[in-house]
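Read through the structure below, which is laid out as structure tokens, and then see the notes.
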Amino acid sequence: MKHIVIISESSSFPWGMASTSRVKLIARGLIHIGYSVQYIGLRGADVEHSSDKKRKGQVEGINYFYPGIFSVRSKYWICRRLDDIFGKLFSIIFLTNLKLHNKIDLIILYTRNYFVVKYWSTIAKFLNIKILLEICEWPIIITNTTNTSLFCSKAPLIVHGVLPISNFIEDQIEKISIK
């Protein structure tokens, strides 16, 4: 069986809305064809806190795990920074453990942040794990910051493959791949 890990810092799986639905549909499709799928939330979900929002669990056959301190994003700045640090650190440990036990074949990275793509591409290269970048929005349309500019021009080139959600995004990726 092939093992796939979906990593995101923003989809609020399994409690969020549109991005959570996309993650869930991708994961369910992969499970349907025989893959094992896990979700790692790099930081607590951006949802209302309640006692049923656990750091790990399973939804529709998809195991999920928030390796940081919280399953829900804290309203306190210092707690958010600690959650960011521990989320990244414990995610690396978790992925390394999966790799040592042959329980990971591919990472699907779900982000619109170039620096997150760069960071995880480096980690994945070190662990010899391939990365597929899911792109559901082309952020340069929304804003023109350094991060979005780098995401649109560089991120698709530093991963092993891209999963675009539209023909428009596919065309944009082809343009930068040809350069």
Side-chain angles (χ1 to χ4, degrees), residues 2-14 16-31 33 35-46 56 59 62-68 71 73 83-99 103-142 145-166 168-170 172-174 176-177:
K2 295 285 185 178
H3 304 279
I4 298 175
V5 174
I6 299 172
I7 297 177
S8 176
E9 86 287 345
S10 62
S11 81
S12 299
F13 186 85
M17 301 296 276
S19 59
T20 298
S21 293
R22 283 191 292 273
V23 168
K24 193 181 294 183
L25 291 170
I26 290 168
R28 284 179 28 204
L30 291 167
I31 290 168
I33 59 172
Y35 291 90
S36 165
V37 180
Q38 294 186 41
Y39 173 88
I40 296 177
L42 296 177
R43 62 181 187 200
D46 288 316
K56 61 193 297 191
V59 172
I62 307 157
N63 292 318
Y64 68 91
F65 176 48
Y66 284 89
S71 61
R73 197 86 170 136
D83 193 38
D84 292 342
I85 292 165
F86 285 111
K88 285 180 182 174
L89 175 64
F90 293 143
S91 293
I92 293 169
I93 293 168
F94 183 73
L95 290 176
T96 302
N97 188 43
L98 289 177
K99 183 65 179 177
K103 296 281 185 179
I104 184 168
D105 298 297
L106 176 72
I107 293 171
I108 297 177
L109 190 55
Y110 191 92
T111 186
R112 292 185 311 251
N113 186 319
Y114 169 75
F115 301 106
V116 171
V117 176
K118 182 78 171 156
Y119 177 83
W120 285 103
S121 294
T122 303
I123 299 300
K125 187 174 185 174
F126 177 75
L127 293 174
N128 196 27
I129 303 168
K130 293 189 181 214
I131 288 192
L132 181 65
L133 178 61
E134 195 275 351
I135 302 179
C136 64
E137 294 178 15
W138 198 245
I140 198 96
I141 294 168
I142 300 166
T145 64
T146 301
N147 182 39
T148 56
S149 179
L150 286 170
F151 181 86
C152 293
S153 63
K154 304 280 187 208
L157 303 174
I158 61 174
V159 294
H160 294 92
V162 177
L163 178 61
I165 198 168
S166 70
F168 172 80
I169 295 171
E170 187 174 18
Q172 297 302 312
I173 292 166
E174 281 183 29
I176 64 168
S177 297

Heavy-atom donor-acceptor pair, Asp105 side chain to Ile4 backbone, under 3.5 Å: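 No.
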
Nearest 0.5 Å, what's the [atom1]-[atom2] distance between [X] and [Y]?
X	Y	atom1	atom2	result
Ile7	Tyr119	CD1	OH	9.5 Å
Ser36	Ile62	OG	CD1	11.0 Å
Arg112	Ser10	CZ	OG	6.0 Å
Ser8	Ile40	OG	CD1	11.0 Å
Lys130	Lys125	NZ	NZ	12.5 Å
Lys56	Tyr64	NZ	OH	10.5 Å

Do the side chains of [Y] and [X] get nearer than 4.5 Å, heavy atoms only?
X	Y	value
Tyr39	Val37	no
Ile123	Trp120	yes
Ile108	Leu30	yes

Qualifying residue, where the test is side chain to side chain contact (heavy atoms under 4.5 Å, CB included) with Ile135 and the options are Ile165, Leu163, Ile173: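 The option that passes is Ile173.
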
Steps toward side-chain contact (heavy atoms from CB on, under 4.5 Å) verdict (Thr96, Ile92): CA-CA 6 Å; Thr96 302; Ile92 293 169; 4.1 Å; yes

Residues Leu98, His3; criterion side-chain contact (heavy atoms from CB on, under 4.5 Å); working and verdict: CA-CA 9 Å; Leu98 289 177; His3 304 279; over 6 Å; no

For Gly41 against Pro67, the heavy-atom pair lying closest together: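 In terms of heavy atoms, the two residues are closest at O-CD, 3.2 Å.
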
Lys99 NZ: over 12 foreign heavy atoms closer than 6.0 Å: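 Count over threshold, so yes.
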
In residues 20-28, what donor-acceptor pairs under 3.5 Å come from side-chain atoms, sequence neighbours left out?
residue, atom, partner, partner atom, Å
Thr20, OG1, Ser11, O, 2.4
Thr20, OG1, Ser12, O, 3.4
Thr20, OG1, Gly16, N, 3.2
Ser21, OG, Met17, O, 3.2
Arg22, NE, Tyr110, OH, 2.9
Arg22, NH2, Tyr110, OH, 3.1
Arg28, NE, Glu60, OE1, 3.4
Arg28, NH1, Glu60, OE1, 3.1

Candidate pair Ile107 and Leu95, rule side-chain contact (heavy atoms from CB on, under 4.5 Å), full reasoning: CA-CA 10 Å; Ile107 293 171; Leu95 290 176; 4.1 Å; yes

Residues which pass ring-ring contact (aromatic ring centres under 6.0 Å, His included) with Tyr114, listed by chain and number, not counting sequence neighbours: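 Testing Tyr114 for ring-ring contact (aromatic ring centres under 6.0 Å, His included), a comparison that skips the adjacent residues, returns none.
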
ring-ring contact (aromatic ring centres under 6.0 Å, His included) involving Phe115 - partner list, sequence neighbours excluded: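 Partners of Phe115 under the ring-ring contact (aromatic ring centres under 6.0 Å, His included) test: none.
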
Side-chain polar contacts of residues 150-160 - donor-acceptor pairs under 3.5 angstrom, sequence neighbours left out - could you list them?
residue, atom, partner, partner atom, Å
Ser153, OG, Ser149, O, 2.8
His160, ND1, Ile131, N, 3.0

Mutual orientation of the aromatic rings belonging to Phe86 and Phe90 [parallel < 30°, tilted 30-60°, perpendicular > 60°]: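 Phe86 and Phe90: parallel rings.
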
Stepwise side-chain contact (heavy atoms from CB on, under 4.5 Å) check, Phe65 with Phe13: CA-CA 9 Å; Phe65 176 48; Phe13 186 85; over 6 Å; no

Pairs where residues 84-94 contributes a residue and the test side-chain hydrogen bond (donor to acceptor under 3.5 Å, both in side chains) is met, not counting sequence neighbours: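 Sorted pair list: Arg73-Asp84, Arg81-Asp84.
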
Test side-chain contact (heavy atoms from CB on, under 4.5 Å) applied to Ser166 - qualifying residues, sequence neighbours left out: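 Result, side-chain contact (heavy atoms from CB on, under 4.5 Å) vs Ser166: Phe168, Ile169.
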
